[in-house]
Every structure is written in C-alpha cells, then in structure tokens.
Amino acid sequence: MKPNSILCLVLVLSGVLSGCSGMRNRTSADVRHEGALFSNQEAVCLKSDDPARPWRLKWALTEETWNTGELFLTVHERRSAISPDYDPESTAAIFVKAGGKLKLLKRLEATEHVSHFLKPTVVWAAVKGEDREQLIQITEEYYGTGHLTEEHVFTTVVTPVSDLKFAPGLKLDEVEFVPADALFKERLAKGEGVWKGVTSTFTGQGLYFDFAIWKDGDGNCCPSAGKVAGAYKLERKPDGGLRISMDTCKREPVQETE
C-alpha cells in the first residue's frame, strides 16, 4: 500500500471504529444498496440485522483510481447463526470516494457457513497490445480442508459524470475469470485430480497461480502427483470486456520431503 493510501486509510478509520457501537445505522437494505452514498462511519460500521451478532471490520484498504478518485474496500465478518464458534459470515464492499462521502459500487455476500472473503487486492495489469487496466481481486474461500476458492474480479471504468447521479464518473465491470485448473484438466492423466484449490496471486508484476495434483489411490490426502505453477494472461474479448485465463504453466514432481 502506498504512503498516501495509508494516510487516507488512517483518516477514514480515525474516530470511526470507537464510535460504531453508539451510532444509529441505516437499515441493512440501505447499506447494501449499490449506487447510494454513505459516510465513512456508515461504510465501516456495518449494521447487523441481529444485535447479538454485530458485523466487525476485518479488512479495509484504499487505492487510487485513474484520475477519478480513490477506492475504499472493506471486508466485514460476524459470528455464524448456525455455528457461533466456527465459520463466520462474511461480506465485502467496494466504494469510491465522492466528495466527503463514499459511493457503494459493489457488495458481495458470502454464503453463510460455507465461505468467507480474504483480503482484497488492487493492481494494475497489462492487457496485450494495450495500456494497463486496474483490477480488483476479491477471493472467496470455502470452509473445509479443501481450501477451494472462487475469484471475484472487477475492473474500474471511467464514465461521463453527466451519466451518473453522483460524481465521480466511475463504475465497475466484472472480469471473466477462468481458473487455471479448468484449462489444465485436459492434461491430467487418468486417476489424477487437483488437490485442494487454486491459489491465484495478483501483483503489479503479473497474475500468477499454483496448485497441486493428487492420485486417486492416495484418497485426496496429499499432492502426490505433482505441482503446477504459471501465469495468467489478461486479454480483451470481442465484446470489449476482459478475460483472465491461463497463459503459461509448468508441472514439476513433488519432492520426497514434501
């Protein structure tokens, strides 16, 4: 995170968390209404429909957009109603700063007792033959020993301010994401499968992935058949949207010590 982003985050959170318990929040429906404006406090102090299970801020980060303002991303968690001591509920949100307010661009809801959101990532990635595009990665991880994941990826798009009720002129487009193992399956031998989930790592230097392969005879206990690592490519689709899919990969055997 850049120094100016850290400073902005401190200002956003300053004095907000300490006042969460006493504030008069909006209704849950209002808080989840995409396109609405909220104060810093309303974005951080998410209202719960169950006073016994308040939402608690787990992650918050800011990131600059392309000459249009600043993004503010949050992840909140609260105790599960099904199993209070395990597998908390989770929700993620993407805001853009609009004057002294925050405009909600997107809210994601994880399935109760099934999944939760990891820390969001914001990077600039190169599109073949074009300039870089800003990507927002929010990984949804499913509970259990499998550590299976689902990627929610968006790109920021500048729009004419006159087309929106509130400034700034910014919206999100969803990026099509093809998990690396989906394209690698045709290379697997009979009796092989992906062991646990694919880890997709987005950085300013590139979009990478890795996963392991197991053999049926091992009962899905360990990555006995090998490991795969590689890079994704970001490309423009005919309809103008973006797609992320496997570009390069390398399979290596598992070492005896692993």
Side-chain angles (χ1 to χ4, degrees), residues 59 63 73 75 90 92 94 106 108 110-111 114-156 172-255 257-258:
W59 299 107
E63 186 69 33
L73 288 78
V75 173
S90 183
I94 304 172
K106 189 70 178 181
L108 300 173
T111 305
V114 175
S115 61
H116 66 118
F117 295 111
L118 304 181
K119 182 180 179 180
T121 300
V122 182
V123 300
W124 289 91
V127 183
K128 186 176 181 180
E130 302 180 21
D131 291 333
R132 296 183 302 162
E133 293 282 351
Q134 189 172 42
L135 300 179
I136 301 171
Q137 176 196 23
I138 300 179
T139 302
E140 184 175 357
E141 182 180 58
Y142 289 82
Y143 292 117
T145 58
H147 299 293
L148 300 176
T149 60
E150 179 181 355
E151 299 293 345
H152 303 272
V153 185
F154 305 91
T155 185
T156 54
L172 298 179
D173 278 353
E174 189 166 1
V175 177
E176 180 184 352
F177 181 83
V178 183
D181 64 321
L183 297 178
F184 195 85
K185 286 181 179 178
E186 62 187 29
R187 308 185 190 188
L188 295 173
K190 184 178 180 179
E192 291 182 342
V194 175
W195 184 70
K196 298 193 174 182
V198 178
T199 299
S200 300
T201 304
F202 289 12
T203 74
Q205 287 68 51
L207 313 177
Y208 305 103
F209 65 84
D210 63 83
F211 59 88
I213 302 170
W214 58 276
K215 297 178 182 178
D216 282 347
D218 296 326
N220 194 17
C221 73
C222 47
S224 56
K227 292 186 175 182
V228 179
Y232 290 112
K233 60 182 176 181
L234 179 63
E235 57 186 345
R236 185 75 59 184
K237 300 191 296 183
D239 63 3
L242 293 174
R243 177 193 292 116
I244 296 174
S245 61
M246 185 176 68
D247 186 18
T248 62
C249 67
K250 182 178 181 180
R251 175 173 175 169
E252 296 181 340
V254 175
Q255 303 299 321
T257 56
E258 295 179 307

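Worth knowing before you read on, the calculation uses all heavy atoms, side chains too, and leaves out hydrogens, waters and symmetry mates. Along the sequence shown, residues carry numbers from 1.
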Value rounded to 0.5 Å, distance of [atom1] in [X] from [atom2] in [Y]:
X	Y	atom1	atom2	result
Arg243	Arg236	CZ	CZ	12.0 Å
Thr199	Glu151	OG1	CD	9.0 Å
Phe184	Arg251	CZ	CZ	5.5 Å
Thr139	Lys119	OG1	NZ	12.5 Å
Asp131	Trp124	CG	CH2	9.5 Å
Met246	Asp181	CE	CG	9.5 Å

Within the structure provided, determine whether [X] and [Y] are in side-chain contact (heavy-atom separation under 4.5 Å).
X	Y	value
Glu133	Leu242	yes
Gln137	Ser200	yes
Phe154	Leu108	yes
Val75	Pro120	yes
Val153	Ile136	no
Glu63	Gln134	yes
Lys227	Asp210	no

If I compare all heavy atoms of [X] with all of [Y], which pair ends up nearest, and what's the gap?
X	Y	answer
Lys215	Ala225	CG-CB, 3.7 Å
Tyr232	Val178	CE2-O, 3.7 Å
Ser90	Ser115	CB-O, 4.4 Å
Phe202	Ile244	CZ-CD1, 3.9 Å
Val228	Cys249	CG1-CB, 4.0 Å
Phe209	Ala231	CE2-N, 3.4 Å

- Message: Please determine whether salt bridge (Lys or Arg N to Asp or Glu O under 4.0 Å) holds for the pair Glu235 and Lys128, giving the CA-CA distance in whole Å, both sets of side-chain angles, and the decisive distance to 0.1 Å.
- Response: CA-CA 6 Å; Glu235 57 186 345; Lys128 186 176 181 180; over 6 Å; no
- Task: Using the ring-ring contact (aromatic ring centres under 6.0 Å, His included) rule, pick out the option among Tyr143, Trp59, Tyr142 that qualifies with His116.
- Result: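 Between His116 and the candidates, ring-ring contact (aromatic ring centres under 6.0 Å, His included) is satisfied uniquely by Tyr143.
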